[in-house]
Amino acid sequence: MSKKISIDPFTRIEGHLAVSLEVEGNRVKDAKCSGEMFRGFEQILKGRSPLDAQQITQRICGVCPVSQGIASVLAQEQAYGIQPTENGKLIRDIMLASNYIQSHVTHFYHLSALDFVDITGILNYSGKDKFLQGIKAWVQQEINSNSLFPAAPFLPRYEGRYIQDPEVNITALRNYFTALDIRALAHQLIAIFAGKMPHMATVVPGGLTEKVTNKKIAQCRSKLDQLKTFLQKEYTGDVLAVAGEFPELLSTGRGCNNYLTFDVFNDSINGGAPLFAEGVLIDGESQKLDLNLITEEVKYSKYTSDSGFSKTTPEPNKHGAYSWIKAPRYNGHPMEVGPLARIMVGYTNGNKQVQAVTDTFLNKTGLDLHNLDSCLGRHVARILELQILVEHCERWIDMLDPRQPSAIDFHITSSAEGIGLTEAPRGALGHWMEIRNSKISTYECIVPTTWNCSPKDDNGVPGPVEQSLIGTSVADAKNPLEAARIVRAFDPCLACAVH
Ligand code: NFE
């Protein structure tokens, strides 16, 4: 007899996700990821000036607005037949790198780490450490209080095995708080050129409206230095310590084993080649990316059956549909996108930098590449890519030139099409835009979490997160901690997914 487990709402992710599991014995037999709301950004954009797009699409999300804005101006630059200035490219890359840092740090410390740190366990620790004494006093006071949710956001939680080494536990908890300042710092770095964050005010087709000055260069350097220290010492150390405590999570949560990436970051040090290049891996085999093979299927999505790529008509009560997320597929295959995809595609396709950081990690831990296709492997992929990114970002800052412009003039073409492809922190992001009579006639976004959290497709094949859950064992149906850890490792953003 199978039983149902419902995780609804699925907390500590961005947006509204529900996960339902059908479990037989202790094994997950079927899994459903449901996006729980519809937003309609593509409809909002119809009939507007194309120049509104980079501002409106940034509002899809407060976590990855840099990528949304960049995808939108890339689509417009293709439509207008222009190229951004060198300063413009560098600034966008610096801002995007800082957004990756902000997003990954938030994901690990403030969303996922609460599945690992043991907030109540610290009550058993003794020691004179001021932080330990302070947090013990707070937890005790909370537990003794009449509060409806004592020690939130750490409690309530699913019960299970949490970190056992006191040193690892205290360090991760301490860094939970430090990471709040790190997030602010990463946002401040972006705001040097964006004017504000979230939602950059200055990004335009052709570059950015903010000029490069020596003062801004110095500010960027100083902030990046502080971020780098935290990433190298604390973030990397905490992820490796968690991996040491939960080695079994390096072999659970195996995904669909198909990966997709788009080009991202002009490696200006290297003549402008993408730092992470586009690629497709199907079951380990590398293929050339062909955008014509991307489809969006809706059999299990709450849209009319003639909806799909560039057509989105809601049908809230559609029979059999269980999600507001469409099901993007590549040549019929579900594809995982995100940091793990960037590492897998880069490693397989001979990206020297990706191979170097990955091999160093694998040699140090004695693991194989296939261990990265796992719950904890997805966390490891984030620290690996940030190592590459921080080093490059330092050099991009050095290459900014105050004597050169940040943007060029352009004219809106009255009738044109443009595609803007980039990689958001959570993976491959595409904006497709058609302009008629100088207004947007269609706008289509395919967003990372739309790929990862997609429902079953027209052939009944589950999406990547669903596949990573199927086959997992859940020991206690009331505390499905194993499933929660696997889903959170993907860093889902439902706000983006249902745009
Ligand atoms: Ni709302 Fe986003 C990222 C994009 S995820 S966070 O990263 O694009 O779907």
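Every number for a ligand or one of its atoms is a count from 1 in the order of the listing.
- Among residues two or more places apart in sequence or in another chain, the side chain to side chain donor-acceptor pair (under 3.5 Å) test is passed with N257 by D283.
- Note on residues 69-99: pairs passing ring pair (Phe, Tyr, Trp, His ring centres under 6.0 Å), not counting sequence neighbours, are Y80-F410.
- For atom 1 (Ni) of ligand 1, the N/O/S atoms of C64 include none lying under 2.8 Å.
- Using cut-offs of 30° and 60° for the angle between ring planes, the H379 and H107 rings count as parallel.
- Neither the backbone nor the side chain of E14 comes within 4.0 Å of ligand 1, counting heavy atoms alone.
- Rounded to 10 degrees, the SG-metal-SG angle spanning C61 and C493 at atom 1 (Ni) of ligand 1 equals 110°.
- Only the side chain of L429 comes within 4.0 Å of ligand 1, counting heavy atoms alone; its backbone N, CA, C and O stay farther away.
- Judged by the 6.0 Å and 45° rule, R485 forms a cation-pi pair with F246.
- No close placement of the W451 and Y330 rings is indicated, their centers lying 6.0 Å or farther apart.
- Contact atoms of ligand 1 toward V447: 4 (C), 8 (O), 9 (O) (distance under 4.0 Å to a heavy atom of the residue).
- Taking a cutoff of 4.0 Å between a charged side-chain nitrogen and a carboxylate oxygen, R329 and E297 do not qualify as a salt bridge.
- Scanning the protein for heavy atoms near atom 9 (O) of ligand 1, the closest one is T449 N, 2.8 Å.
- Which parts of ligand 1 touch A424 is read off a 4.0 Å heavy-atom cut-off, strictly below it: atoms 3 (C), 4 (C), 7 (O), 8 (O).
- Shown in contact with C496 at under 4.0 Å from a heavy atom are these atoms of ligand 1, numbered in order with element: 1 (Ni), 2 (Fe), 4 (C), 5 (S), 6 (S), 9 (O).
- Any N or O atom pair closer than 3.5 Å counts here, and Q68 shares at least one such pair with ligand 1.
- W432 and F309 have perpendicular rings, their planes meeting at more than 60° on a 0 to 90° scale where under 30° would count as parallel.
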